[in-house]
Amino acid sequence: MTRKIIPIANASSSANLGSGEEVGLYEATKKIYPRTVRGMFARWRWAMVFLTQLVFYGMPWVEWGGRQMVLFDLAARRFYIFGLVLYPQDLIYLSGLLVISALSLFLFTAVAGRLWCGYACPQTVYTEIFMWVEQKIEGNRVARMRLDAEPMSLEKLVKKWFKHIVWIGIAMWTGFTFVGYFTPIREFGLAFLQTQMGSWEVFWVFFYGFATYGNAGFMREQVCKYMCPYARFQSAMFDRDTLIVTYDPGRGEPRAPRRKGPDPRTMALGDCIDCGLCVQVCPTGIDIRKGLQYECIGCGLCVDACDTVMQKMAYAPGLIRYDTQNGMEAGWSRRQLLRRVLRPRVLVYTAILALLVAGLLASLVVRTPLKVDVVRDRASLARIAEGGKLENVYRLQIMNATEQPRHYLISASGLEGLSVSPEQPVSVEAAQSRWVAVRLQVPYGSATPGSHTVHFSIREEGGGAQVSEKAAFLVPR
């Protein structure tokens with residue numbers, strides 16, 4: 001895109017720009033062809049790909065106590081997580097989990113930069129999977145570049161279409177699995193085969209599948225560089241003692257190509273042979289030798305590439321490595337570096353995170369597996385019942401947050417002569433809720449007109465969980 005600049009500022013501007021000079025406002029994005037590399041960090045990335053996808057794709061199919069182990073049943077307003085049954089009233093646990101996740105991100109970033117981005121982020125994981133498919137179908141980096149530069153042919157058409165069919169298959173299976181966390185996946189799979197899926201289920205399968213296909217197949221590094229906010233505010237969590245992927249200019253400069261054999265110091269050269277492999281393997285296409293850049297996701301692939309070259313040249317590894325700015329300048333040893341990583345900032349983050357995790361786990365352990373909501377019957381605030389008693393009617397929602405059926409007894413207190421009907425135990429199935437109509441009665445004239453506070457007590461028959469809820473008993477004037 002170009003835009004015509006019309007000189008209007010002053011005479012010097014007019015002289016420099018001329019009349020109607022074409023000036024480009026931006027440069028078109030060039031496609032990145034990452035090169036395959038082997039090494040420790042590449043193996044770590046693939047280990048995380050296998051681990052995250054094993055959890056994501058496999059967990060909905062695992063059963064726990066006769067039901068899906070992890071299920072967020074929005075229709076029934078219940079979340080099943082292993083042996084826990086959570087209701088909307090348990091939102092505090094979700095808030096605690098989000099706080100712990102955010103603080104964990106701060107801690108990992110303070111220690112070693114963008115670890116999440118480089119190894120576990122869904123964008124990184126699915127981009128790695130899609131690029132592996134692309135490499136298997138179209139070939140290595142050089143073959144892919146050559147194929148894209150060639151005019152359209154039958155071979156190119158077949159390879160491109162086959163690649164996109166595989167991509168779409170992975171994306172659609174990802175969308176199907178995502179919806180399986182909110183709809184029982186076995187029932188959903190049967191409905192899918194019978195083409196009886198609901199409209200919202202169809203929408204989310206295609207939406208999530210399309211997002212996976214577009215982000216991992218086409219946008220790739222653009223998401224990390226321009227769309228993800230983490231790339232922009234990560235610098236606020238960095239300091240000079242944060243481990244980052246960095247190039248050692250004192251050892252590598254001046255760089256120049258050379259043959260294996262001569263000592264580079266005799267030629268007044270550094271260890272960097274300017275091969276460019278560190279740029280070719282980078283998923284975001286940056287040159288780490290230019291220093292820390294916000295586009296760097298900290299994946300360490302450039303470290304693997306450079307160490308491979310150093311080994312072939314019989315040089316010491318570590319020209320590109322994980323290091324800190326202070327460590328690089330002071331020439332710290334590995335022991336000094338690790339000691340400095342455990343600085344007060346990191347220890348404070350760790351202590352707060354440990355306290356939050358311990359608090360959340362303790363809260364889950366002592367959590368009462370019974371929830372009760374009390375709602376007044378608005379159709380009849382108060383009435384005279386048989387026997388000359390004043391009656392208020394309520395509706396109680398009793399939620400059994402255990403994996404076994406339970407029987408509950410309902411009682412009330414707060415007024416003299418207060419009685420509850422019905423008095424028999426209320427049965428609630430495992431991980432279910434039940435609405436129960438409850439009538440509170442007092443002898444007529446035993447209470448003064450107005451609103452009186454009463455307390456419902458709901459306890460498990462035979463002992464166990466017990467909950468007390470407050471309500472208002474109205475006495476008309």
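Computed from a predicted model, the values in this text were never measured in an experiment.
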Donor on one side chain, acceptor on other, Gln53 and Tyr126, under 3.5 Å: yes
Stepwise salt bridge (Lys or Arg N to Asp or Glu O under 4.0 Å) test for Asp373 and Arg395: CA-CA 8 Å; Asp373 283 340; Arg395 296 180 70 236; over 6 Å; no
Check against side-chain contact (heavy atoms from CB on, under 4.5 Å), Thr368 and Gln466: CA-CA 8 Å; Thr368 301; Gln466 180 171 343; over 6 Å; no
Residue pair Thr174 / Tyr57, side-chain donor-acceptor N/O under 3.5 Å: yes
Working for ring pair (Phe, Tyr, Trp, His ring centres under 6.0 Å), residues Trp167 and His164: CA-CA 5 Å; Trp167 280 1; His164 285 281; 5.1 Å; yes
CZ on Arg144 to NZ on Lys31, rounded to 0.5 Å: 8.0 Å
Separation of Leu86 CG from Arg78 CZ (nearest 0.5 Å): 11.5 Å
Under 3.5 Å donor-acceptor, Asn400 side chain and Gln404 backbone: yes
Output field: ring centroids Phe203/Phe207 closer than 6.0 Å: yes
Close aromatic pair by centroid cut-off 6.0 Å: Phe41 and Trp44: no
Nearest heavy-atom neighbours spanning Tyr119 and Gly298: CE1-O, 3.6 Å
Proximity of Phe176 and Tyr208 rings by center, below 6.0 Å: no
Exam field: side chain Arg339 to backbone Gln336, donor-acceptor pair closer than 3.5 Å: no
Side chain Arg289, main chain Tyr247, donor-acceptor under 3.5 Å: no
Whether Tyr181 side chain and Phe56 backbone form a donor-acceptor pair below 3.5 Å: yes
Beyond-backbone contact of Leu190 with Gln194, side-chain heavy atoms, under 4.5 angstrom: yes
Asn326 side chain to Arg340 side chain, donor-acceptor N/O pair below 3.5 angstrom: no
Among Glu461, Glu429, Glu460, side chain to side chain donor-acceptor pair (under 3.5 Å) partner for Arg406: Glu460
Working for side-chain contact (heavy atoms from CB on, under 4.5 Å), residues Asp90 and Lys371: CA-CA 9 Å; Asp90 296 313; Lys371 304 291 180 183; 3.0 Å; yes
Closest contact, heavy atoms only, Pro283 versus Leu301: CG-CD1, 4.0 Å
side-chain contact (heavy atoms from CB on, under 4.5 Å) between Cys282 and Arg35, intermediate numbers included: CA-CA 8 Å; Cys282 180; Arg35 185 189 186 106; over 6 Å; no
Minimum heavy-atom distance between Val179 and Glu201, given as atom pair plus value: CG2-O, 4.1 Å
Check: Tyr213 ring centre within less than 6.0 Å of Phe218 ring centre: yes
Exercise: do Arg220 and Thr127 side chains pair donor with acceptor under 3.5 Å: no
Interatomic distance, Leu353 atom CG to Leu105 atom CG [nearest 0.5 angstrom]: 11.5 Å
Note, Glu469 side chain near Val467 side chain (heavy atom, < 4.5 Å): yes
Ring-ring centroid check Tyr394 Phe456, cutoff 6.0 Å: yes
Donor-acceptor contact below 3.5 Å, side chain Thr124 vs main chain Cys117: yes
Test log, rule side-chain contact (heavy atoms from CB on, under 4.5 Å), inputs Gln135 and Arg141: CA-CA 8 Å; Gln135 176 194 352; Arg141 178 176 184 268; over 6 Å; no
Any donor-acceptor N/O pair, Asn392 side chain to Leu474 backbone, under 3.5 Å: yes
Donor + acceptor pair across side chains of Ser427, His407 (<3.5 Å): yes
Test item: Pro405 and Gln432 side chains (from C-beta on) under 4.5 Å apart, heavy atoms: no
Side-chain heavy atoms of Tyr226 within contact of Met219, under 4.5 Å: no
Residue pair Arg367 / Leu84, side-chain heavy-atom distance below 4.5 Å: yes
